Protein chains: 2
Amino acid sequence: MQDKEITIYDLAERLNISATTVSRGLQDHPAINKKTKKRIFDLATELGYRSNKFASNLRKQKTNTIGVIVPRLNSLFMSSVLSGIEKIVNNAGYNLIISQSFEQEAKEKTNTTTMFNSRVDGLIVSLASDTQDFSHFDTFIKKNIPVIFFDRIAESIQSTKVLIDNFKAGYKATEHLIEQGCKEILHITGNTARNVYMDRFEGYKKALSDHNIPYDPTLFISNDLTEQAVQDSLLNDVLKRDKLPDGLFITNDSSAAFALTILKEAGLKVPEDIAIVGFNNDLISKVTEPAITTINYPGNEMGENIARILINHLDGEGDLSFTSTVILNTELIVRASSQRKK
Amino acid sequence: MQDKEITIYDLAERLNISATTVSRGLQDHPAINKKTKKRIFDLATELGYRSNKFASNLRKQKTNTIGVIVPRLNSLFMSSVLSGIEKIVNNAGYNLIISQSFEQEAKEKTNTTTMFNSRVDGLIVSLASDTQDFSHFDTFIKKNIPVIFFDRIAESIQSTKVLIDNFKAGYKATEHLIEQGCKEILHITGNTARNVYMDRFEGYKKALSDHNIPYDPTLFISNDLTEQAVQDSLLNDVLKRDKLPDGLFITNDSSAAFALTILKEAGLKVPEDIAIVGFNNDLISKVTEPAITTINYPGNEMGENIARILINHLDGEGDLSFTSTVILNTELIVRASSQRKK
DNA sequence: TTGTACGCGTTATCAA
DNA sequence: TTGATAACGCGTACAA
């Protein structure tokens, strides 16, 4: 420690005014003389004063910190969301604490507790894929600390939710495959306990029925979408069948890329033998051979929306409509992996 | 707010002891009777007591928070590093504040200031690619707040650094291409003001000279490694040359994947016409056609190392050796994009 | 082994 | 428009 930390008392002493006035001046309090304010600010910058957040937090009982818990950071979608959140939240003077659940309920619970103990003013969560029990959020709800869920939400929790229309996206993806002439569309997806996967699945089924294609349960596979799981499902099951599917709708781009690799190795031609649609518009979908048709997720926009809602709430506005649901639009991006017709 | 927040005074009152004893008991102070401790802990859990970090921080003049500034979150490497850091840091009772510079010096400066004002106990930084001036870290150094640089470091700053041996990695990658019969090896990389790119470049040159291949400056291209830049360099320059290179060492996997796509579209065969080696072992390198040979970066290990060093320092140990440099090993992962010989 | 008393830096309250 | 004072919850020197 070289220079001692400057406090409002130091400023007050030098300016021959009270610490109260300094505090008010620093906060641009309307009742303070403009000249006094200027003197305060000038000296503050001169001496390198910085407000002590802990004293302030202690006094105000507020932390100006927002917690974020996500399953994983390593997707373009997640980092776009975070980027959006961070932008808004920073401008509003809040800090961000980020942690990952690595798709595990246990880690999610621990993280939630940590956030609680850090007294975040608000929490933003995208659920781990295997979270079944939501009691770890009860402490927040009890204390009226706002929790916003996004993307992977819990239907049963009363709280604001921000997500895309997964049903519509699933519908669009499936309909696109049908329009490309696919009749036997395989759907590989995650745990349907999670809304995102369930809704996409429902969209898939609706598109089939709207086009008079009967739903075939053997064409539905639910696993954890890891490389291993996708490989298992394809090699040990699908590729051993007598009748192979001619379309694949798989609900994330990395998995789509794995699937593509495996199918090509098995000698299938994409899109001629099997057309593929992924989900997320991650970088990876652009560089495979062929590039993968996918659903574009508005990550940044979603992040900004989440942050705005939360901050409005924290700043005391918009309190009434707090248990709302915001649904964002998605867009189908057609690439070579599914184009069989011009 | 439903339940009022419990403080050590509440506990003290109920147990008919002083707040001091409660405070000590909670901290497992040796001088406190075991039975008293037990009574304190039991009541604390019963009432849902949680320590107020702000009061504690205020009192201790320590925040138990560590700041991390990285260029971007969206690579497997970065999320592995963060994951490693988070693990160690959490176990040691610290919190993590993460922010992204998006490769911009200005944003990096702002983030640094925010971290400073949040009074982080330590800072972990990987520099933005265009950062030239490091004065924003001076405030930390002046106040003796430890700053650890990793991966993208600043040679000129006196402080602990954790990184891989980029020189060796560059050497290995290049040598591998030479062994596969390449003679005209194109090297596309980032801003060589940054150590990671400069060192890989030096490794590249050394490998060439050790194998008696003269260094050809026209085979060296430095850009920002974005999709656009890679495309420009290849389409508007390299592919128009009379003599095409027969090897490409490009220092990140996304760029390698872009390059691969572009070269294939231009009618070149990989690895027959041109063999490719990337860098990072990101997911993307596994799913391209062909899969890309790359350098595996020990992200997790790096993260854990960084965190351990920092925490040891903060806890008062290892103070002497604080300006050390830790270098981790890398490994070449050979895939189809470079294999021309068996 | 336990308790008293004070201070960390800020802000809310009340008074001037 | 400004000031005096107390309080936020905790940790610690000193005392017992």
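Because only heavy atoms are used, hydrogens play no part in the values below, and waters and symmetry mates are left out as well, while side chains stay in. Bear in mind the structure is a predicted one, so any value in this text is a computation, not a measurement. Each chain gets a letter, A, B and so on, in the order the sequences are listed, and its residues count up from 1.
- Stacking of B:Arg119 on the aromatic ring of A:Phe54 is not recorded, the 6.0 Å distance cut-off and the 45° axial limit not both being met.
- Closest to the A:Asn33 side chain, of the nucleotides C:dT1, D:dT1, C:dT4, is D:dT1.
- Separation of the B:Phe137 and B:Phe149 ring centroids falls under the 6.0 Å cut-off.
- Within a 6.0 Å radius of CZ in A:Arg50, other residues, nucleotides and ligands contribute more than 12 heavy atoms.
- Base contact: B:Thr20 has a heavy atom under 4.0 Å from a base atom.
- Distances shown here put a side-chain N or O of A:Gln61 below 4.0 Å from the OP1 or OP2 atom of D:dG9.
- Here the P atom of nucleotide C:dG9 and the NZ atom of A:Lys62 are 23 Å apart, to the nearest Å.
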Might you work through the salt bridge (Lys or Arg N to Asp or Glu O under 4.0 Å) test for A:Asp130 and A:Arg194, ending with a clear yes or no?
CA-CA 8 Å; A:Asp130 75 344; A:Arg194 204 69 313 130; over 6 Å; no

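- Residue B:Ser18 places at least one side-chain N or O closer than 4.0 Å to OP1 or OP2 of C:dG3.
- Straight-line distance from the CD1 atom of B:Ile6 to the C1' atom of D:dC8: 16 Å, rounded to whole Å.
- Of the candidate nucleotides D:dA7, D:dG3, D:dG9, D:dA7 has the atom nearest to the side chain of A:Arg59.
- Side-chain nitrogen and oxygen atoms of A:Ser56 include at least one within less than 4.0 Å of the OP1 or OP2 phosphate oxygen of C:dT11.
- Taking atom CZ on B:Arg119 and atom P on C:dG9, their separation rounds to 8 Å, with Å as the unit.
- Among the nucleotides C:dA12, C:dT10, D:dC10, the one closest to the side chain of A:Lys60 is C:dA12.
- Note on A:Thr7: every side-chain N or O is 4.0 Å or more away from OP1 and OP2 of C:dG9.
- One atom, NZ of A:Lys38, and another, C1' of D:dT1, lie 19 Å apart when rounded to the nearest Å.
- Between B:Ile309 and B:Asn312, every side-chain heavy-atom pair lies at or beyond the 4.5 Å cut-off.
- Within 4.0 Å (heavy atoms only), A:Phe54 reaches no atom of the nucleic acid at all.
- Relative to the ring axis of A:Phe102, A:Arg72 does not place its NZ or CZ within 45° and under 6.0 Å from the centre.
- The interatomic distance linking B:Leu58 (CG) with D:dA7 (P) rounds to 17 Å, in whole Å.
- At least one side-chain heavy atom of A:Ile141 sits less than 4.5 Å from a side-chain heavy atom of A:Ile157.
- Counting to the nearest Å, the P atom of C:dT1 and the NZ atom of B:Lys34 are 10 Å from each other.
- Of the two residues near DNA chain C, B:His29 and B:Ala55, the one whose nearest nucleotide lies more 5' is B:His29.
- A rotation axis mapping the C1' atoms of four pairs onto the next four is fitted at both ends of the helix from C:dT1-D:dA16 to C:dA16-D:dT1 over five pairs, and the angle between these axes is 30° to 10 degrees.
- A centroid separation of 6.0 Å or more is found between the aromatic rings of A:Phe41 and A:Tyr49.
- For the OP1/OP2 pair of C:dG3 and a distance below 4.0 Å, the side-chain nitrogens and oxygens of B:Tyr9 include no atom meeting the criterion.
- As a whole-Å value, the separation of B:Asn64 CG from D:dG11 P is 11 Å.
- Between B:Ile8 atom CD1 and C:dT4 atom C1' the separation is 13 Å, expressed in whole Å.
- A:Ser23 comes within contact range of at least one nucleobase, with a heavy-atom separation under 4.0 Å.
- A donor N or O paired with an acceptor N or O is found under 3.5 Å between the base of C:dG3 and the side-chain atoms of B:Arg24.
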